[in-house]
Amino acid sequence: MKKLVQSAKLFALIALCSSAPCTLARQDATPGQPAPAPNHYTLVRCGTLLAVPGQPAKAKQTVVIKNGIIDSVLDGFDGPNVRAEQVAPIIDEIDLREQYVLPGLIDCHVHLTMEFDASLRMRDLLESDGFLALRATTYARKNLDAGFTTVRDLGSGRAQVILDVRDAIKAGFVVGPRVVAAGHAISITGGHGDGTTGFREGLFAMPNPEGGIADGPDECRKAVRNQIKLGADVIKVTATGGVLSAAKAGLAQQYFDDELEAIVTTAHSLQRKVAAHAHGVDGINAAIKAGVDSIEHGTYLDDDSIALFKGRNCYHVPTLLASATVAANAEVSGFYLPQVAEKARLVAPKSIEMFRKSHEAGVKIAFGTDTGVSPHGQNAREFALMVKGGMTPSEAIRSATIVASQLLGLEKEIGTIETGKAGDLIAVKGDPTQDITELERVTCVVKGGVHIPPSSPR
Ligand SMILES: [Zn+2]
């Protein structure tokens, strides 16, 4: 009888708030109980739940999140009898009974300290670190609002800024996605990661290994060690030329084999993975042979690259959205420097073809967009491009959840909605395994069991 009353109260509560797409109600703790700290429950009632992408979704499920961690996933909408706990619990209830719920998305390649447009080079000269950090928190929030509860930042011109933004989010000072950050990318002098390229001689001090610009194995080791000393979670190396740097140096291999090997062995010895930016095939293959954990872009990969990817357990992060974005912007007069527009026109037509080849061969593909090249918050546009390149919607969702969590080494914490994992989930109105563009219209975001209202109207 007691249980019936509790259920009736619970449903009465839900009935009050079932009209909005993402509705949250809170029942205050029972008064008169002495401290210890109460347990915080979030009960998420899901019309359809895709708990483990790749497995069938289930109807009418309740996800129980306790103190930010998934406690259980239950059939039906009743939920557990958490009010019977000895310590008065705090209970949030999120009504997604009309929605399709899936794990929080993961983007393995973003740049939170930049958003590319014609004024970026000038802004970078004028803006202080403090201003840039504030800018980055706004961009970070847009990623979270779009359903990306975890992002990997693969290189900021100012390492300390992105590492501080990561830590401020972790500390709860600002709302944003979980950030895995590389600090400054490791690049050759004048290479893709050297932001002083293209300016007149003498304007800047000579870039150095401490700042991520390194030549020769010894400097490369120092550069890696210094990023890790600053607090980098992962090492990013620019193995080849890049599209958006000012260098007129093509897209071929930039680091020699011994330098790549020095970077990878140093990073691995300090328990950090290595992500290699690579377009040209010689650079892709050299980086995989050196032992990098992922190739970012991979534009000109060939059959040897495919064999290397599979033989060395290396992930491919194709960033199709970046290619599509630079191709469109290259046609806008003055958007890019002439040498950049020329590279953009070369790369874009190759990207879908490269993706199809990699996917069909069974290479592990982790979702990544290079957002910052494209506007923040549009990350989910990558999904439709992946489906255009031959993935099923279900495979694309796995790529942005389970596969991405494995690349980040966070598969025990995120990527599925299962007991013991972080309470990160999102909702959409329709079934994204039928129409992948549903993921471009996220209706609700929950991170660590906390409902995140959108920072601006959806
Ligand atoms: Zn990038």
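What you see is a predicted model, and the numbers here were worked out from it, not measured in a lab. When a ligand or atom number is given, it counts from 1 through the structure's own listing order.
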Quick one, D293 with H268, criterion side chain to side chain donor-acceptor pair (under 3.5 Å). Give me CA distance, side-chain angles, the key distance, then yes/no. CA-CA 10 Å; D293 300 278; H268 285 176; 2.8 Å; yes

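Protein nitrogen, oxygen and sulfur atoms, that is N, O or S, within less than 2.8 Å of the Zn ion (ligand 1) amount to 3.
The closest side-chain heavy-atom distance from I188 to I213 is not below 4.5 Å.
With respect to the salt-bridge test (charged N to carboxylate O, under 4.0 angstrom), the residues E296 and R152 qualify. Remark: D124 engages R158 in a salt bridge, criterion side-chain N to carboxylate O under 4.0 Å.
Under the side chain to side chain contact (heavy atoms under 4.5 Å, CB included) criterion, S72 pairs with V64, L74, sequence neighbours left out.
Using a 30° and 60° split on the angle between ring planes, H376 and Y139 fall in the parallel class, below 30°.
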